[in-house]
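Inspection log for the structure reproduced underneath, given as structure tokens.
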Protein chains: 4
Amino acid sequence: MTASATLRSRRRPVQRRAQQTVEAILDAVIRILKRDGFEAVTTNHIAEVAGVSIGSLYQYFPDKRAIFAALHRRHVGEIDRGIQTALIENAAASLEDLVRALVDAMIDAHTSDPGLHELLMTEVPHRADDTQEFAVRLHGAFRLAIAARTGELMNVRDLDTAAFVVAHMVDALCHGAALRRPPNLGLAAAKREIANAVLAYLRATPAQAA
Amino acid sequence: MTASATLRSRRRPVQRRAQQTVEAILDAVIRILKRDGFEAVTTNHIAEVAGVSIGSLYQYFPDKRAIFAALHRRHVGEIDRGIQTALIENAAASLEDLVRALVDAMIDAHTSDPGLHELLMTEVPHRADDTQEFAVRLHGAFRLAIAARTGELMNVRDLDTAAFVVAHMVDALCHGAALRRPPNLGLAAAKREIANAVLAYLRATPAQAA
Amino acid sequence: MTASATLRSRRRPVQRRAQQTVEAILDAVIRILKRDGFEAVTTNHIAEVAGVSIGSLYQYFPDKRAIFAALHRRHVGEIDRGIQTALIENAAASLEDLVRALVDAMIDAHTSDPGLHELLMTEVPHRADDTQEFAVRLHGAFRLAIAARTGELMNVRDLDTAAFVVAHMVDALCHGAALRRPPNLGLAAAKREIANAVLAYLRATPAQAA
Amino acid sequence: MTASATLRSRRRPVQRRAQQTVEAILDAVIRILKRDGFEAVTTNHIAEVAGVSIGSLYQYFPDKRAIFAALHRRHVGEIDRGIQTALIENAAASLEDLVRALVDAMIDAHTSDPGLHELLMTEVPHRADDTQEFAVRLHGAFRLAIAARTGELMNVRDLDTAAFVVAHMVDALCHGAALRRPPNLGLAAAKREIANAVLAYLRATPAQAA
DNA sequence: CATGAATGAGTGTTCATTCAT
DNA sequence: AATGAATGAACACTCATTCAT
């Protein structure tokens, strides 16, 4: 393990530098976005802020859109990592604990840099895929979580519907809580409230047939 | 009456034509957005598709951003109208009926042209205000609705928190239901499910103190 | 005389109004020029400031350049009137008195609205003719004045050369005196100095042959 | 020596090329101005005539006005150089020689490309500073010249007034001589005549007090 | 590989001018 | 005549992208 890591880091100093450059470029986009808005995000400006020549920038990205795509991939990846961790660590936990852990992970992801998520979602163009992919993962996470606890959740009739509702609730509420929660609602209280809302939904008596 | 009508009709044609032109321009933006994406939305192209000269376009809008702002205002206004109507018509109704009516209004607004909402939100630049204003109205609507029914909702401790949660739930779930609901979930069923989720949250026993 | 004047003013109220409109337009150009500079002088803006519709403006002037030409004609005409008056009133006067009268007329023309002359000369495009015409008239005035006093001016060898020198001196010095004379030089003193300079030149011993 | 030359020559080519590009752009403006008039002076046209891409043009000048400013600076600088040289070379010469040298310099500056001066002054927009600066320098030159020869010029009462008069005379007469001198007045004769006029003024008995 | 000068298609916007009312 | 909404050619300027060094 140690050996291979050493070998890898010795063999690929180039790749490490490349990775640093890519990171610098993505960070530059965020910096510019925050400071001057999307209109100021030009490739030349990105390169300048990243401390890279415009020529180098084009060595790492085929065009401007690829930069945005990478930025979204990185961002979604970060949130996803938190979710996956919560999912694994609470594989055997109660539904309540799992939900709380997932809400925790989501809010943490949003509060480490509040506004960044919204910035990326509303200002940086992205293929529907980029966001979809994330929604699908969240959906999948909850689908698994619910499926594994059908004993506890006898009122859940349709797994997909429940996962759909819960995923959307968690996404919107965590995002909203990080950015726009009412002044008298603390972050910890918000987490509890969101988890409670989710649990209330999952435990409620199903709707009458249509 | 006749006199005032005559007077009005002498002045109106101009105003009506102006309004038509404005509508044509906003519609053109949507058309281009759908067909060719945001990059194709140039002022000259808008004017062409709207059947208006570029000069006329600039007689109605001071610059490109003003067109986007107007587009957002129109869109939010349309949704808002549905919500306000539901709110008024169900002022004296039960909580359940009111929630169902509001969910109905929201989903209808999203399904008349599914994707338009998302298109505008993700692709057309807008000041935070434009969206915020709408979120605030939805929040206010639910705040009123809940406040008027505290007898029925003894478990709601904090009005703002409840309104916050419900507004975000409804917004995200209705939007999601219109665009991404699971295949086995019909629109009518989705409406019921969303309303049920909201009611389950509102009726649930509040969280224990931390 | 009175009768014909009355008749004329009754018969041509239209022409009088037309003249007023033209004046309003030319004045508007000057107003805009002073307030906002040449870039702000657009036909639409001129019409607005003049209190005339853009359509009417084009009834009086075939295009934008015609407005500038008329403005220059009016301005040159005003200065020219003063010069001609001085010339006629001092037809029989001494050279010294005539020169003083001409300098007086020139400076008065420039000081009634100091800066206007320069504004028109440097900012408003004009055919070479427009200015030339004026220079030629000044040249002509001095040519006549000198020619009529060759007895007094035995040192003047070439009439055209003398008129050329004097016309340029008077033009430049009067213009300069109105706008940029040194702080310790009053207007009256400037007039004397300019006249003296002109007279000194005219009375001086001619240059040795080349 | 060789080392520094090598060092310099490694950096210079870029600077030299840049300077050449700037010159090409300014020359292009003049070419277009002469051939097609000011209205044809568009940035795209300038770039085309200069043999440069429009993008490069904007790498050297922030906007169109900056091009005009540079053009004026270059032009004024050229004339100024001649004046300063004449001033230095004749620092110890007689007043007459100095005046003749200055008139010589001015006329030479105007005759190398007759019409260019007028073209720039009447057609190319320029801040008052650009021209003023030059007038001030000419004024200063004559002020020094006169101040250093008060022994010869006992009739000069006020230095500033004399410098003012002489500077304006020389400027206007040299400019006029280059462009509009009467047909029977050769350039050499014009020079003599202008110098004589200046000397006549400076040597004349001052005006009686008012 | 890195650089950054150079490119030029394409953008938002203006404004002189027209013409139906 | 007078109006002013409408027109659209033309402009100043930007910026994603290339490529010679």
With sequence neighbours excluded, tell me which residues meet side chain to side chain donor-acceptor pair (under 3.5 Å) with [X].
| X | value |
| --- | --- |
| A:Thr122 | none |
| D:Ser53 | D:Ser56 |
| A:Thr43 | none |

>> Tell me every residue that passes ring-ring contact (aromatic ring centres under 6.0 Å, His included) with A:His117, counting only those two or more places apart in sequence or in another chain.
In response: A:His75, A:His110, A:His175
> D:Phe68: what forms a ring-ring contact (aromatic ring centres under 6.0 Å, His included) with it, not counting sequence neighbours?
Replying inline: D:Phe38
Distance check needed: [N] [atom2] versus [X] [atom1], whole Å only.
| X | N | atom1 | atom2 | answer |
| --- | --- | --- | --- | --- |
| A:Glu48 | E:dG4 | CD | P | 11 Å |
| C:Phe38 | E:dC15 | CZ | P | 11 Å |
| D:Leu57 | E:dT7 | CG | P | 11 Å |

> Where do B:Ala70 and B:Phe61 come nearest, in terms of heavy atoms and distance?
Replying inline: CB-CE2, 3.7 Å
>> Give the residues of residues 22-33 of chain C touching DNA chain F, defined as any heavy atom closer than 4.0 Å, sorted by residue number.
In response: none
> If the sugar-phosphate is the primed atoms plus P, OP1 and OP2 and the base is the rest, what is the B/S/- string for nucleotides 11-21 of chain F, using protein heavy atoms under 4.0 Å?
Replying inline: SBBBSBBB---
>> What's the closest nucleotide to the side chain of D:Gln59 if the choices are E:dA5, F:dA2, F:dT7?
In response: E:dA5
> Sequence neighbours excluded, which residues qualify as side chain to side chain contact (heavy atoms under 4.5 Å, CB included) partners of B:Ala24?
Replying inline: B:Ala50
> On a whole-Å scale, what distance lies between the P atoms belonging to E:dC1 and F:dT21?
Replying inline: 22 Å
>> Check this one for me: any side-chain N or O of A:Ser56 less than 4.0 Å away from OP1 or OP2 of E:dT3?
In response: yes
>> Considering only residues two or more places apart or on different chains, which pairs with a residue in residues 30-57 of chain C satisfy salt bridge (Lys or Arg N to Asp or Glu O under 4.0 Å)?
In response: C:Lys34-C:Asp113
> Quick one: salt bridge (Lys or Arg N to Asp or Glu O under 4.0 Å) pairs with a partner in residues 58-79 of chain C, sequence neighbours left out?
Replying inline: C:Glu23-C:Arg74, C:Asp27-C:Arg74
>> Once rounded to the nearest 0.5 Å, what's the spacing between atom OH of D:Tyr58 and atom CD1 of D:Ile67?
In response: 6.5 Å
> With D:Glu118, which residues qualify under salt bridge (Lys or Arg N to Asp or Glu O under 4.0 Å), at least two apart?
Replying inline: D:Arg180
> Got a minute to check which stems DNA chain E is part of, using Watson-Crick or G-U wobble pairs under 3.5 Å, three or more consecutive?
Replying inline: E:2-21 with F:2-21
